[in-house]
2 protein chains.
Amino acid sequence: MELSATAYVILGMVRKEPRSGYEIKALVDNSTRFFWAASYGQIYPELRRLAEAGLIVGSERPTGGRKRTVYEITADGEEELRAWLRQPPQVLETRDEGLLKLFFAGALTREEALEILRAMRAQRLEANARLRAIGEMKGEMELFPRTVLEGGIEITEWYADWCERMEAQILASPEERSS
Amino acid sequence: MELSATAYVILGMVRKEPRSGYEIKALVDNSTRFFWAASYGQIYPELRRLAEAGLIVGSERPTGGRKRTVYEITADGEEELRAWLRQPPQVLETRDEGLLKLFFAGALTREEALEILRAMRAQRLEANARLRAIGEMKGEMELFPRTVLEGGIEITEWYADWCERMEAQILASPEERSS
DNA sequence: ACAGGCATGTAAATAGTTACATGATTCG
DNA sequence: CGAATCATGTAACTATTTACATGCCTGT
């Protein structure tokens with residue numbers, strides 16, 4: 001079958017209750033997006049493919065007169081999801097423009113380099129605040145989503161702190177010849 | 001001009017000394033790949049584009065009879081690189097299949113869920129070992145690359161530790177109803 | 001002689017984002 | 001009434017990976 005990881009995000013999101021594409025997108029944006037994002041351009045076509053493969057089924061559930069299709073997982077879909085969850089995780093990729101810039105910061109003055117660390121710190125603090133807000137918004141959460149959320153809160157905090165420490169460290173080190 | 005971040009990786013890599021596409025790829029794989037990867041399929045076409053734009057210049061430097069083109073940065077290229085480095089970093093994305101699986105681990109037995117954490121821990125420890133090996137391989141490094149490398153070592157350690165803590169925590173918590 | 005590394009490149013496929021289009025409903 | 005949100009979708013683009021092809025050079 002060979003589904004993409006994004007397909008499994010969808011399977012996971014409709015496992016507990018039927019959801020529309022729009023709802024899935026909103027859920028992703030408040031949860032997995034920090035380690036696995038998905039856009040409408042992926043979600044809607046993927047919903048169609050999963051329905052064709054018989055892993056989910058759609059049904060019309062209009063809200064008032066507004067057209068709306070919700071999808072729920074089938075027994076095949078649940079089995080497929082579980083089989084995937086049992087495989088050891090492979091993908092682990094990061095695109096971090098801040099670290100990349102810091103890596104090349106020898107081409108800048110020290111003050112400009114410190115600016116990168118400050119911007120990075122602000123990024124982490126912002127992510128941290130958003131994660132905390134999500135935690136407060138939702139009342140009680142299930143064990144695993146909560147664990148992951150709290151991990152996100154901890155790691156963004158750690159990272160912000162690292163930026164602060166490195167700022168101090170670089171400030172204390174002698175300015176190197178840039179070329 | 002609108003260059004991709006990957007173009008700046010190349011500019012940064014040829015800033016100090018002329019490099020071939022092959023060397024750039026090897027450098028990336030030993031440094032930025034942990035936060036910004038690049039494949040041959042990106043590097044070679046990008047080298048051509050950058051040369052056309054006058055940001056780098058290529059020259060033939062065969063090794064023995066083996067054809068080899070090395071590229072070095074131009075004054076325009078340096079200015080372009082520095083201008084980019086001064087812009088606040090934007091992109092910050094992660095694709096972490098482990099966290100994604102952990103997020104949905106409620107569909108598994110607790111033992112299977114713990115397996116995910118163990119696999120994640122192994123992933124971080126492996127990354128940590130590779131980073132340490134890189135640090136030992138290279139003798140003395142410049143301030144910023146070294147800072148970034150040490151940050152990578154610290155964070156992979158922190159993460160491996162988190163996995164361990166979470167394993168213990170989940171083991172201690174009562175098994176929830178999976179549906 | 002052969003394996004492994006050096007070196008360059010491309011085609012095809014996959015993944016993913018962005019921008020746009022459309023239209024209904026709800027709330028102030 | 002107008003703005004925001006609900007809702008679905010697609011086209012175009014950009015990014016990126018994978019697999020393949022080619023061939024030389026070095027060391028065993």
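Note on naming: letters A, B, ... go to the chains in the order of the sequence lines (proteins, then strands), and numbering restarts at 1 for each one. No hydrogens, no waters, no symmetry mates; every other heavy atom, side chains included, goes into these values.
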Please classify the nucleic acid contact of B/G41 as base, sugar-phosphate, or nothing, using heavy-atom distances under 4.0 Å. base
For a quick check of understanding: with a heavy-atom distance under 4.0 Å over all strands, which category does A/S39 fall into, base, sugar-phosphate or nothing? base
What's the separation between atom CZ in A/R82 and atom CG in A/L85, rounded to the nearest 0.5 Å? 8.5 Å
Within the pair [X] and [N], is there a side-chain N or O less than 4.0 Å away from OP1 or OP2?
X     : N      : value
A/R95 : D/dT16 : yes
B/S20 : C/dT8  : yes
B/R68 : D/dC25 : no
B/Y22 : C/dT8  : no

Expressed in angstrom and rounded to an integer, what is the separation of [X] atom [atom1] from [N] atom [atom2]?
X     : N      : atom1 : atom2 : value
A/E93 : C/dG16 : CD    : C1'   : 12 Å
B/Y40 : C/dG5  : OH    : P     : 12 Å
A/R61 : C/dA24 : CZ    : P     : 22 Å
A/L47 : D/dT10 : CG    : P     : 11 Å
A/W36 : C/dT17 : CH2   : P     : 11 Å
B/D29 : C/dG5  : CG    : P     : 14 Å
A/Q42 : C/dT18 : CD    : P     : 11 Å
A/K67 : C/dT25 : NZ    : P     : 14 Å

Looking just at side-chain N and O atoms, do B/Y159 and B/Q123 make a donor-acceptor pair shorter than 3.5 Å?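 The answer is no; no qualifying pair exists.
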So, A/N128 versus A/R124: side-chain donor-acceptor pair below 3.5 Å or not?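 Their side chains do not contain a donor-acceptor pair, so the 3.5 Å distance test is not met.
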Between the first and last five pairs of the helix from C/dA1-D/dT28 to C/dG28-D/dC1, the angle of the axes, rounded to 10 degrees: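 Overall, the helix from C/dA1-D/dT28 to C/dG28-D/dC1 bends by 30° from one end axis to the other.
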Smallest separation among heavy atoms of A/F103 and B/F144, with atom names: O-CB, 4.0 Å
Which heavy atom of A/D76 sits nearest to which heavy atom of A/G54, and what is that distance?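 It is CB-O, 4.0 Å.
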I want to confirm an ordering. Mapping A/A38 and B/R48 to their closest nucleotides on DNA chain C, which one lands closer to the 5' end? B/R48
Could you say whether B/T69 or A/T63 is positioned toward the 5' end of DNA chain C, judged by the nucleotide with the nearest heavy atom to each?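 Result: B/T69.
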Minimum side-chain heavy-atom gap B/L11-B/W84 below 4.5 Å: no
Derivation of the salt bridge (charged side-chain N to carboxylate O under 4.0 Å, His left out) call for A/K101 and A/E112: CA-CA 11 Å; A/K101 287 185 173 178; A/E112 288 169 331; over 6 Å; no
